[in-house]
Each structure stands twice: as structure tokens, then as C-alpha cells.
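Counting starts at 1 for both ligands and their atoms, following the listed order.
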Amino acid sequence: MKRVVSIQDLSAVGKCSLTVALPILSAMGVECAVVPTAVLSTHTQFQGFTFRDLTDEMDPIADHWKQQGLTFDAICTGYLGSFRQVDIVKRYFRDFGEGAKLIVDPAMGDNGRLYTGFGPEFPKKMAELMEGADLVLPNITEAAFMLGKEYRESYDRSYIMELLEGLLALGAKTAALTGVSFEAGRLGAVSLDGETGAFSEYYTDRLPVNFHGTGDIYSAAAAGALVLGRTVPEALALAADYTAECIRLTLAEENHSWYGVNFEQATPYLLDRMKK
Ligand code: PXL
């Protein structure tokens with residue numbers, strides 16, 4: 001059985017980060033170890049959330065795992081709360097990276113803005129995790145901030161290629177970008193393989209709302225597919241189809257929550273989609 005470790009926060013309510021990565025990877029038949037980097041009462045889009053930083057636990061957890069001889073097929077990172085956590089993640093990459101895919105989702109912002117709590121210097125620090133990562137999957141906002149490039153709402157292919165090439169220049173082996181749209185009503189992800197130069201793109205119908213946590217759902221599903229042997233383009237397509245289904249099911253519920261999507265109800269779809 002494949003085993004991955006997911007390093008990100010535990011937002012008690014909010015359907016993002018660990019509360020989606022763990023169930024999604026489990027449903028896919030992948031063991032998911034966790035390093036909770038912080039415990040929040042909710043994700044940061046709620047007002048007045050509590051935040052308990054767990055940075056001090058991260059090294060002792062790694063020490064124990066090393067002593068136990070644990071190994072992983074992938075190390076997946078998401079939302080990180082501080083500069084120090086980025087440095088400790090690098091230690092996880094050094095200590096557990098052999099034979100593991102390093103998958104980095106630099107969850108920091110969306111729609112041209114950083115999430116509450118991140119200062120303007122943080123994206124440059126997060127950018128350090130691009131170096132040596134097998135797959136990085138920022139959205140356009142996160143890529144633009146990490147690269148110190150202008151965020152654009154409307155763009156063409158050359159802007160997207162510039163971001164992908166920038167991510168490769170930071171040292172990522174394969175760069176993906178999520179939330180890309182070249183055509184009204186279609187939204188998807190693109191990728192550029194730094195070794196072969198292969199470009200991939202995959203789009204689904206764009207649903208008329210933006211939901212929180214869908215980036216985390218997307219990267220968990222992509223990571224699962226990747227460790228189960230799919231290629232990057234296949235993994236990105238599977239994750240896009242699954243995320244779109246999560247949003248569809250959410251919209252189908254009349255009084256759906258505002259803070260996250262009904263990813264749980266899309267589990268049968270995910271398992272079915274994995275057979276293709
Ligand atoms: O979904 C990204 C995310 C993860 N973790 C926390 C967040 C957010 C987005 O706001 O607040 C704590």
C-alpha cells in the first residue's frame with residue numbers, strides 16, 4: 001500500500017487542508033500520515049478564528065519517524081503558517097525524500113490576494129520549496145506572488161507559460177498551474193515538465209462560483225493519483241474532474257455551506273473516475 005505524509009494545518013471547520021486530504025487519500029486507498037502544522041477553529045475566511053501554532057511539534061515528529069525508520073511514497077505540503085515551518089518542511093524533504101515524490105501546493109491566496117495572516121514576504125519564502133519538488137501546483141495568484149510577477153485577471157498563453165517557466169526556474173521538476181481559463185466557461189489546469197518540455201492542459205466546465213478549499217481537494221486527489229502511478233497530466237485531469245463534481249454536488253444542495261464543498265458526496269464519483 002502506498003503511504004504519503006500530508007503537511008498542512010488542521011482547520012477544525014472549513015473543509016480544507018488536512019480535513020480534506022486525509023479522507024480523500026484514504027478513499028483512494030492511500031495511507032495518509034499527517035503533520036498538523038497548526039490547529040484552527042475554522043479556516044481563515046471566517047471571522048475571529050483561533051490559531052494554535054504547532055511548529056514546535058514538527059521536528060520531534062520527524063525525529064521519532066526517523067528513529068522508527070518510516071518511509072513515504074510522497075511528501076505533500078499545503079498551507080504553512082510561518083517561515084520556520086518552510087524550513088522544517090525542507091528537513092522533511094531531506095530526511096524522508098529518498099524514493100518519495102515531493103508535491104508542493106503553496107496554498108497562500110487566491111484571486112490576486114494573499115489569505116489573512118500572510119505578509120508580503122511570505123511567498124518568497126514559500127518559493128524556496130519549489131526547488132527539487134517533483135510537482136508544484138500553485139494557482140495563478142500564488143505563482144505570481146512567488147515569482148514577484150504581476151497578477152493578471154485576464155491573460156493569454158504567454159503569461160501562463162511565463163509563470164510555468166518561472167516555477168521551473170525556481171527548481172520544480174514539473175510545474176502545474178490551477179485555475180487557468182483561456183475560454184469563457186472553461187476552467188482547468190496546465191503543466192510543464194521541466195525535463196521533457198511536455199505541456200499538458202485539461203479543462204472542465206467552469207461552475208459559476210468560487211469555493212474555498214477546492215485547491216486543497218484538487219491537490220490531494222492529484223497527489224493520490226500520482227502515487228498510484230498516474231502520469232502528471234492524468235493526475236491533473238482526474239483531480240479536475242473530481243473537483244468539478246464536488247462543486248456540482250454542492251450547488252445541487254439548496255442550502256449548501258458557503259465555506260467548503262460537498263467533497264464527501266463525490267467519493268463514489270472519485271472511485272469510479274479512478275477506474276478510467
Ligand atoms: O484552502 C486553503 C487554506 C488552508 N488552510 C487554511 C486556510 C486556507 C484558506 O483560506 O485559511 C487555514
Sorted by chain and number, sequence neighbours left out, ring-ring contact (aromatic ring centres under 6.0 Å, His included) with Tyr151 holds for none

Nearest neighbour in protein (non-hydrogen) for [atom]:
atom                    : answer
atom 11 (O) of ligand 1 : Thr44 OG1, 2.6 Å
atom 9 (C) of ligand 1  : His212 NE2, 3.0 Å
atom 5 (N) of ligand 1  : Asp9 OD1, 2.8 Å
atom 2 (C) of ligand 1  : Asp216 OD2, 3.3 Å

**Report entry** Nearest-option assignment for atom 4 (C) of ligand 1, heavy atoms, candidates Tyr79, Tyr115, Phe118, Phe46
**Finding:**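 That would be Tyr79.
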
_Axial cation check for Tyr203 ring with Arg186, 6.0 Å and 45° limits_ = no

| query | If you draw the axis of the six-membered ring of Phe182, does the NZ or CZ of Arg157 fall within 45° of it and under 6.0 Å from the ring centre? | reply | yes

Ser6-Gln8 side chain donor-acceptor pair, cut-off 3.5 Å: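 Yes - a donor-acceptor pair under 3.5 Å links their side chains.
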
Next on the checklist: Could you tell me if Ser11 and Thr42 have a donor-acceptor pair between their side chains, going purely by distance under 3.5 Å?
Outcome noted: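 No - no donor-acceptor pair under 3.5 Å links their side chains.
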
Review point. Would you call Gly215 a ligand 1 contact, heavy-atom distance under 4.0 Å?
Key: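 Flag not set, Gly215 not near ligand 1.
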
Would you mind listing which atoms of ligand 1 come within a distance below 4.0 Å of any non-hydrogen atom of [X]?
X     : answer
Ser17 : 4 (C), 5 (N)
Cys16 : 1 (O), 4 (C), 5 (N)
His43 : 7 (C), 11 (O)
Leu40 : 12 (C)

In terms of heavy-atom contacts, Thr250 and Gly260 come closest through CG2-O, 4.1 Å

For the student: nearest non-hydrogen atoms of Leu236 and Ala176, plus distance:
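Smallest interatomic distance, heavy atoms only, reads CD1-CB, 3.9 Å.
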
